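Order of the sequence lines fixes the chain letters, A, B, ..., with proteins taken first and strands second; residue numbering starts at 1 for each chain. Note that the coordinates shown come from a computational prediction; the quantities given were computed from them, not determined experimentally.
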Amino acid sequence: MQNPHVIFGVLIALGAVWTLGWAIIMVRSGRSIPVEQLERSENRIRVGLLGGLAAIAIVVFVLSLPRLPFAGSRRAELGPPQVTITATAVQWGWIISRDRLTAGIPIEFDVTSRDVNHDFAIYDPDGRLLTQVQAMPGYINRLVYRFSAPGTYTVRCLEYCGVGHHMMTARLTVARQE
Amino acid sequence: MTSPHRRAPLADAAALTPLLAPDRANSSVLRVALVYLVVGLGSFLLMGLLGLLMRLDQGGILVIAPVWFYRVMTLHGAGMVASILLAVTGGLAAAVSATTRLSARVLWIALVIYFIGTSFVILATLVGGFGGGWTVLYPLPTHGLVWTLDAALAMYAGYLFIALGLLLYCVHMLHALARAHGGFVRLFALRFLFSLGRDTRDPLPRPPELIAGVISLDGIAAATAGMLYLVPIFLHAAGVMSVDALYAKNTVLLFGHTMANLSIYVGAGLVYAALPAFTGRPWRTTWAVVCAWDLIIILMLTNYSHHLYADFAQPVGLQLLAEIASYAVALPSFIVTIIGALTLIYRSGIRWTAAPMLLALGIWGWVFGGLGAVLDATIPVNQVLHNTMWVPAHFHTYYLLGAVAFAWGYLFYMVHELTDRRAARASSIAVWLYGIGGAGFILMFFVAGANSVPRRYAVHLAQWQLYARVAVPFVIVLALGLAWLSWDLATRFRAAWRGTEGPTLQP
């Protein structure tokens, strides 16, 4: 559910099904028949789709519940955080209380901002976005995360915050657990 | 030359409403509507050129200083939302004007107010140097460091006027529709709805009228949210009060997200109005249509907060509600509008000219963009897609290949109806160019999003530049298609303008 390439694959698969259905209708738009002949099928399709899509939506919603990124859900999933780190955003940089971390243990990032809205996003060494939380003035947002592997991770700002937005990065060095 | 809807096998000719009222009473409204559409789509083309500049920069092909990139980005975003909304609302005014008496004067006044607003936006960005993003997310506009407070206030003033223009349009539309139908209960077919279609004593509104009522209600709500956002910020600038960041986010997104959503739903209203003319099949006000659109009144106002999933300060209950609402709003749109449109087309004997092709393209793009949106509205998925290129991917899809295609299609339909001259056969090629160029362009946004490329970055890392570089040729194909359509339109527009007075009587 959280691999962007898999999500892209799902989009393309669903998009292909939709495009195929749409194209069939377009190709079969000639040779007219009275619309009354279609009404019963149309209603059947509608009821079927409503049931099917609503069922899928409910299943996806239920599946998403144990994977919520909010602090309470992550604590329940990963266990209580063993380290708490503060991350304060300021145009255009990060003040992070500690940048050397350990893999395999739950870490809580207490994220806030001194000026405008920012977004504390952690990228893995391969450049893949792992998790994120907004840094908001007047609020402390708690992000609980467990690094699965050692390496150098990059923090990027993902909420537009002015002309230095694209330069607002920091490094986190994650070491293997002793 | 006869029009396609006269040639097509009419199932119920009486149910197809002509564009021009029998007594020509709506001539002046049709003229304002044409102005809305042409100005809106013309501005869309200009804003599109700004978008191309940004992609060239992100591809490393052209270097724009970040301070200018963000100004261009701000103008592009604000200008696109305003332009597209202007175009589709013009179309909707035309669509209901044959049966609902609208005031051309009020529509002109709304347009002038709208222009004042957009002038402020242009001044704020290009002269004042404002680059706080079209979302003007507090407190960045007043804390940009490289632009002045005056520039920020000019931007906010622009939004205030745009919101007022929208408010005037919506209040007038709602009032006119309620008067024509004898009240809101009849306009929204509430007795028919709650009796599950059994109570048919009230005459039912035609789908475009129902949709115009729905979007007017939500437009008023959006404009009100805009005021709830802007007034405290003006008071803050005057030193009277401070503004809570979470409150500001909720109100600005309720305003901006609903404004953006309105465009696509108004665009859908144009499909209800124009598609029957090409398929020869009326789009009836069934119980499903009433139920879907009455539900959208609520659902369109509740799904904005899926943009706040990363704001952990937002109560979890509201986050879950946003996910449910985001799924829920997709259901009536797909099951009723999309399936309804496809049923109208299937084996209808439709003659594929540029106008119905554009409407069909919009149907495809709306659903494809919706798929991207629904995936992103799933909270765990949003964790790895939020504020990556996936976000512009989905909204560019249902803007460019949805609402904008509907607006072009409706304008071509209007010109055809008013002149009785079909688009040039070769214009069908232009629609193909539009579709292929647009699809390639948005696909590269999705690919970039899937590779975690952040949105709104003036400078892209070398490994991210490929996505923008591949997108550029598609943008050029898209631009060719749009230029072709514009040319076709330009050759027939004068005749369409004269056609608003009705057919010339032959001696």
With a 4.5 angstrom heavy-atom cut-off, is it the side chain or the backbone of [X] that approaches chain A, or both, or neither?
{"X": "B:Tyr327", "answer": "side chain"}
{"X": "B:Gln463", "answer": "neither"}
{"X": "B:Gln383", "answer": "both"}
{"X": "B:His386", "answer": "both"}
{"X": "B:Asn382", "answer": "backbone"}
{"X": "B:Leu331", "answer": "side chain"}
{"X": "B:Ile335", "answer": "both"}
{"X": "B:Phe69", "answer": "neither"}
{"X": "B:Val146", "answer": "side chain"}
{"X": "B:Val374", "answer": "neither"}
{"X": "B:Ile363", "answer": "both"}
{"X": "B:Arg455", "answer": "backbone"}
{"X": "B:Leu140", "answer": "both"}
{"X": "B:Leu320", "answer": "both"}

Which value, rounded to the nearest 0.5 Å, describes the distance between [X] atom [atom1] and [Y] atom [atom2]?
{"X": "A:Asn141", "Y": "B:Gln314", "atom1": "CG", "atom2": "CD", "answer": "10.5 Å"}
{"X": "B:Asn387", "Y": "A:Arg156", "atom1": "CG", "atom2": "CZ", "answer": "14.0 Å"}
{"X": "B:Trp364", "Y": "A:Met26", "atom1": "CH2", "atom2": "CE", "answer": "12.0 Å"}

B:Leu371 and side-chain contact (heavy atoms from CB on, under 4.5 Å): which single residue from A:Leu14, A:Ile12, A:Val10 fits?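 With B:Leu371 as partner, A:Leu14, A:Ile12, A:Val10 yield a single side-chain contact (heavy atoms from CB on, under 4.5 Å), made by A:Leu14.
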
Apply the side-chain contact (heavy atoms from CB on, under 4.5 Å) test between A:Ile7 and each candidate in B:Leu375, B:Thr378, B:Asp376; give the one that qualifies. B:Leu375

Between chain B and each of [options], count heavy-atom pairs under 4.5 Å; write down the option with the most.
{"options": "A:Ser73, A:Gly162, A:Gly30", "answer": "A:Gly30"}
{"options": "A:Arg128, A:Arg142, A:Met167, A:His5", "answer": "A:His5"}
{"options": "A:Leu53, A:Val116, A:Asn43, A:Val47", "answer": "A:Val116"}
{"options": "A:Phe70, A:Tyr139, A:Trp18", "answer": "A:Trp18"}
{"options": "A:Val163, A:Thr131, A:Ile24, A:Val27", "answer": "A:Val163"}

Check against side-chain contact (heavy atoms from CB on, under 4.5 Å), A:Leu38 and B:Arg347: CA-CA 9 Å; A:Leu38 300 173; B:Arg347 298 190 69 176; 5.5 Å; no

Identify the two heavy atoms, one from [X] and one from [Y], that lie closest to each other, and give their separation to 0.1 Å.
{"X": "A:Gln132", "Y": "B:Phe312", "value": "O-CZ, 3.9 Å"}
{"X": "A:Leu129", "Y": "B:Leu385", "value": "CD2-N, 4.4 Å"}
{"X": "A:Glu42", "Y": "B:Gly340", "value": "OE2-CA, 3.8 Å"}
{"X": "B:Ala288", "Y": "A:Arg46", "value": "CB-NH1, 4.4 Å"}
{"X": "B:Phe368", "Y": "A:Gly15", "value": "CE1-CA, 3.6 Å"}
{"X": "B:Gly132", "Y": "A:Tyr160", "value": "C-CE2, 3.5 Å"}

Find the one option among [options] whose heavy-atom pairs under 4.5 Å with chain A are most numerous.
{"options": "B:Thr388, B:Val67, B:Thr142, B:Asp244", "value": "B:Asp244"}
{"options": "B:Asn451, B:Val336, B:Val316, B:Asp311", "value": "B:Asp311"}
{"options": "B:Val367, B:Val459, B:Ile379, B:Ile339", "value": "B:Val367"}

side-chain contact (heavy atoms from CB on, under 4.5 Å) between A:His166 and B:Arg456, worked out: CA-CA 8 Å; A:His166 57 279; B:Arg456 293 178 169 157; over 6 Å; no

Heavy-atom contact with chain B under 4.5 Å, split by part of [X]:
{"X": "A:Leu65", "answer": "side chain"}
{"X": "A:Asp115", "answer": "both"}
{"X": "A:Phe120", "answer": "neither"}
{"X": "A:Met136", "answer": "side chain"}

Between A:Trp22 (side chain only) and B:Leu342 (backbone N and O only), is there a donor and an acceptor less than 3.5 Å apart? no

I'd like to know if the side chain of A:Tyr123 and the backbone of B:Ser452 have a donor-acceptor N/O pair within less than 3.5 Å.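 Such a contact is found between A:Tyr123 side chain and B:Ser452 backbone.
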
Can you find a heavy atom in the side chain of A:Leu68 that is under 4.5 Å from one in the side chain of B:Gln319?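 No, too far: nothing below the 4.5 Å cut-off.
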
Mind checking whether B:Pro139 and A:Asn117 have side chains closer than 4.5 Å, heavy atoms only? yes

For residues 81-101 of chain A, give me every residue with a non-hydrogen atom less than 4.5 Å from any non-hydrogen atom of chain B. A:Gln91, A:Trp92

A:Gln134 vs B:Leu246, side-chain contact (heavy atoms from CB on, under 4.5 Å): CA-CA, chis, key distance, verdict: CA-CA 11 Å; A:Gln134 289 269 312; B:Leu246 189 59; over 6 Å; no

